[in-house]
J.: 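First the structure, then my questions, so here it is.
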Amino acid sequence: MAADIRSELKALLRAALEAVAPECGATAIQLERPRQAGHGDFACNLALQLAKPLKRSPRDIAARLVAELPPSPLVVRAEVAGAGFINFTLTPAARRQVVHAVLAQGADYGRSALGGGQKVQVEFVSANPTGPLHVGHDRGAAYGASLASLLDFAGYRVTREFYVNDAGRQMDILALSTWLRYLELHGSTLPFPENAYRGDYVRAMAAAMQKAHGAHYRRDPARLLDGAPEAAADAEGHLDALIAGAKRLLGEDYAYVHDFALTEQLSDARDDLAQFGVHFDVWFSERSLFDTGLVEQAVARLAAQGHVYEQDGARWFRSTAFGDEKDRVVQRENGLYTYFASDIAYHLNKYERGFDRIIDIWGADHHGYIPRVKGAVEALGLDPGRLEVALVQFAVLYREGRKTSMSTRAGEFVTLRELRQEVGNDACRFFYVLRKSDQHLDFDLDLAKSRTNENPVFYIQYAHARIASVLAQWAGEPARLATVDLSPLAAERELALCARLAEFPEVVENAARECAPHLVAFHLKELAGEFHSYYNAERFLVDEAKLREARLALCLAVRQVLANGLAIIGVSAPDSM
RNA sequence: GCGCCCGUAGCUCAGCUGGAUAGAGUACUUGGCUACGAACCAAGGGGUCAGGAGUUCGAAUCUCUUCGGGCGCGCCA
């Protein structure tokens with residue numbers, strides 16, 4: 001609807017341009033929505049753009065353009081303003097028609113064909129399954145989930161994916177940690193390494209393992225230390241020796257312990273995220289890349305292209321040839337592939353799955369990783385332009401005015417679960433999306449907890465609930481409002497509200513283009529604000545039937561847009577609070 | 001040292017591909033419930049858009065530079 005008005009106005013301007021300056025007929029015509037109400041519904045800067053090539057004053061050109069504008073039933077006034085803007089004021093009927101559009105399209109209002117059905121993959125969270133999700137992950141979860149919904153709404157076919165790092169040393173450390181706690185339950189007094197996973201959840205897993213299998217995985221802890229360096233002298237070496245010892249003593253049972261811990265953590269993460277309203281279509285296993293030989297193949301493919309060389313016994317990818325700072329090891333001296341190697345394979349796999357766009361959402365601390373991954377993609381002969389990396393800055397948590405430190409291994413962190421319970425799902429989701437993702441963020445826990453009613457999410461939900469309440473008291477049939485006569489909506493406040501509704505599809509497209517769901521959140525805040533003003537200024541359930549129904553139709557349209565927007569952000573739209 | 005991100009009101013943050021007098025929330029000061037929900041509304045004060053230079057009709061926005069902050073620079077993941 002709004003797009004129709006835009007294209008109509010552009011056509012008018014195009015015609016005027018042909019009459020005034022045919023030699024500049026190729027100039028792109030830009031329409032924007034002025035901030036100030038006095039500047040009409042749409043503004044065009046065409047005359048300002050033409051000033052230089054035509055060597056005439058912008059206001060003069062604007063006046064000529066206005067004089068040549070063909071008449072239109074949508075436009076009540078076109079005038080020159082400011083430095084040479086052309087401001088269009090629409091007729092009230094044109095401004096009101098959006099209400100019918102919203103009510104007719106319902107939950108689909110704002111849906112766009114921008115994506116053209118392209119396949120896009122959004123990979124996010126992808127946390128190591130070595131402990132509960134914590135506040136270092138939830139911002140990425142909220143952003144990724146909202147972005148995925150947004151792109152879906154904007155006409156893309158979206159796959160939401162979680163990459164499971166189930167192949168590395170960190171998983172071995174978790175398995176070891178769990179097993180050591182399990183041995184403690186069976187009387188072991190072996191000192192627990194400082195640098196192993198110390199969180200209580202590890203003890204819980206050990207207890208679960210004991211409950212399910214009794215002493216089946218018990219081994220003599222004294223034999224575990226054979227040949228291990230002193231923890232004090234070489235903490236990491238000590239840990240590796242313990243892992244080797246665990247594998248030696250457990251034999252084939254090691255795989256069970258390992259997978260037990262992995263499965264526990266993964267299902268915990270899955271539940272946690274599901275309760276946060278975050279769902280994935282694919283949980284992609286890193287280990288599967290090794291099992292299917294894809295890591296080997298990917299490196300071989302790089303080597304075949306001449307991008308791999310040997311040095312110091314290791315094999316290196318020449319990423320400097322693709323803009324990276326230094327070359328990177330893909331296969332270590334000990335024969336093991338690096339995490340980077342499996343990541344190359346993973347991205348190769350992503351391309352092979354035929355996505356038109358691949359969006360990786362990473363924590364900002366991984367920014368240095370971008371050139372090597374893009375470089376590898378390019379080296380494989382793939383189009384690096386299809387791969388986009390969105391960085392999410394970490395939220396810094398403050399408790400009683402002090403920064404809270406986070407360490408998974410030390411077990412000191414605020415979990416996503418705790419944060420959700422303290423702040424609430426809706427507020428939490430909204431809070432994160434209300435910030436631009438690449439902006440640093442201070443999260444004051446005490447403020448979020450003690451004054452949740454100050455969170456803007458309630459402001460928006462309240463508007464939704466208020467409308468629901470009014471409609472309930474009206475007790476009429478909402479479907480009937482879809483075709484009601486809107487002409488009683490003549491007040492400036494009502495027409496401004498209509499304009500805000502008409503903007504929603506533009507906001508969706510813009511937000512999708514920018515991968516910026518926060519734009520949707522801000523738009524909803526403004527819409528809710530204008531509605532609250534309206535609510536306080538006018539009564540809806542008035543005696544005069546035509547006016548009452550027109551106003552209720554507008555309210556219903558507002559409620560619909562609020563609901564559609566909140567759905568993108570992953571926040572509920574309650575009828576009562 | 002090199003690279004990436006950032007610096008806007010006391011605080012937390014918006015500001016769309018450069019547009020008109022830089023905006024919200026919060027805090028502070030006032031006013032509004034015998035009302036369709038006061039988790040709301042109305043009004044007020046509060047700014048060298050970190051500093052400087054450049055690009056042009058026009059800069060918070062683009063370029064360069066200085067200062068300040070965050071992060072990254074492993075045969076870790």
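In what follows, every heavy atom counts, from backbone to side chain, and hydrogens, waters and symmetry copies are set aside. All chains are named by letter (A, B, ...) in the order of the sequence lines, taking the proteins before the strands, and each is independently numbered beginning at 1.
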J.: At 4.0 Å (heavy atoms only), tell me whether A/Q393 reaches a base, stays on the sugar-phosphate, or touches nothing.
T.: sugar-phosphate
J.: Please work out if A/E32 contacts a base, only the sugar-phosphate, or nothing of the nucleic acid, heavy-atom cut-off 4.0 Å.
T.: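 Answer is sugar-phosphate: A/E32 comes under 4.0 Å of backbone atoms only.
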J.: Below 30° counts as parallel, above 60° as perpendicular, anything between as tilted: where do the rings of A/H518 and A/F522 land?
T.: perpendicular
J.: For B/G37, is there a stacking contact with A/Y462, counting only centres under 5.5 Å and planes under 30°?
T.: no
J.: Would you indicate what A/Y535 reaches in the nucleic acid, counting non-hydrogen atoms under 4.0 angstrom: base, sugar-phosphate, or nothing?
T.: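 A/Y535: base contact, heavy atoms under 4.0 Å.
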J.: Between B/A60 and B/A20, how many Å separate the two C1' atoms, rounded to a whole number?
T.: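 Taking atom C1' in both B/A60 and B/A20, they lie 15 Å apart.
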J.: If I pick the C1' atom on B/C57 and the same atom on B/G52, what distance separates them, to the nearest angstrom?
T.: 24 Å
J.: How close do A/V125 and A/L133 get, heavy atom to heavy atom, and via which atoms?
T.: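 Closest pair (atom of A/V125, atom of A/L133, distance): CG1-CD2, 4.0 Å.
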J.: Could you label the plane-to-plane angle of the A/F322 and A/H307 rings as parallel, tilted or perpendicular, counting under 30° as parallel and over 60° as perpendicular?
T.: perpendicular
J.: Look at the rings of A/F531 and A/F540 and say which category their plane angle falls in: under 30° parallel, 30 to 60° tilted, over 60° perpendicular.
T.: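 Geometry flag for A/F540 against A/F531: tilted rings.
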J.: Locate the shortest heavy-atom distance separating A/A521 from A/I460; write the atom from each residue and the value.
T.: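 Closest approach of A/A521 to A/I460, heavy atoms only: O-CD1, 4.3 Å.
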J.: Between B/A27 and B/U21, how far is it from one P atom to the other, in whole Å?
T.: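 Per the computed distance, 31 Å lies between those P atoms.
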J.: Measure from OH on A/Y337 to C1' on B/G74 and round the result to the nearest Å.
T.: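 Answer to the nearest Å: 20 Å.
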J.: Which part of the nucleic acid, if any, lies within reach of A/L471 when heavy atoms closer than 4.0 Å are counted: base, sugar-phosphate only, or nothing?
T.: nothing
J.: Going by modelled atom types, is there a donor-acceptor pair between the base of B/G19 and the side chain of A/N45 at under 3.5 Å?
T.: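 Side chain to base: pair found, below 3.5 Å.
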J.: Between B/C49 and B/A9, how far apart are the two P atoms, rounded to whole Å?
T.: 10 Å
J.: I need the CD-C1' distance between A/E530 and B/A42, as an integer number of Å.
T.: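 Distance check: A/E530 CD to B/A42 C1' gives 15 Å.
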J.: Quick one: does A/L541's side chain get under 4.5 Å of A/Q473's, heavy atoms only?
T.: yes
J.: Determine the interatomic distance between P on B/U8 and the same-named atom on B/G69; round to the nearest Å.
T.: 14 Å
J.: Identify whether any heavy atom of A/N510 sits under 4.0 Å from a base atom; if not, whether one sits that close to sugar-phosphate; answer base, sugar-phosphate or nothing.
T.: base
J.: Does A/H366 lie flat on the base of B/G72, that is, centres under 5.5 Å apart and planes under 30° off?
T.: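 So A/H366 does not count as stacking on the base.
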J.: Looking at B/C71, does its base get a donor-acceptor pair with the side chain of A/H367 below 3.5 Å?
T.: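 By the distance-only test, yes, there is a pair.
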J.: Taking OP1 and OP2 of B/C36, is either one under 4.0 Å from a side-chain nitrogen or oxygen of A/R539?
T.: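 Yes, within the criterion.
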J.: Counting only distance, no hydrogens or angles, is the base of B/A20 paired donor-acceptor with the side chain of A/N87 under 3.5 Å?
T.: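 Flag set: donor-acceptor pair detected.
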J.: Please measure how far the P atom in B/C6 lies from the corresponding atom in B/G15, and state the result in whole Å.
T.: 11 Å
J.: Counting the atoms with a prime plus P, OP1 and OP2 as sugar-phosphate, which does A/S469 contact under 4.0 Å by heavy atoms, base, sugar-phosphate, or nothing?
T.: base
J.: When the P atoms of B/A38 and B/C33 are compared, how many Å lie between them, rounded to an integer?
T.: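 Looking at atom P only, B/C33 and B/A38 are 12 Å apart.
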J.: Mind checking A/E509 for me? I need base, sugar-phosphate or nothing, with any heavy atom below 4.0 Å counting as a touch.
T.: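 If one applies the 4.0 Å heavy-atom cut-off, A/E509 turns out to touch nothing in the nucleic acid.
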J.: In whole Å, what separates the P atom of B/A14 from that of B/G7?
T.: 8 Å
J.: At 4.0 Å (heavy atoms only), tell me whether A/Q461 reaches a base, stays on the sugar-phosphate, or touches nothing.
T.: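 The answer is nothing, as A/Q461 stays clear of every strand by at least 4.0 Å.
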J.: Using a 4.0 Å heavy-atom cut-off across all strands, classify A/A43 as base, sugar-phosphate, or nothing.
T.: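 A/A43: base contact, heavy atoms under 4.0 Å.
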J.: Have a look at A/A463 and say if it touches a base, only the backbone sugar-phosphate, or nothing, with a 4.0 Å heavy-atom cut-off.
T.: nothing
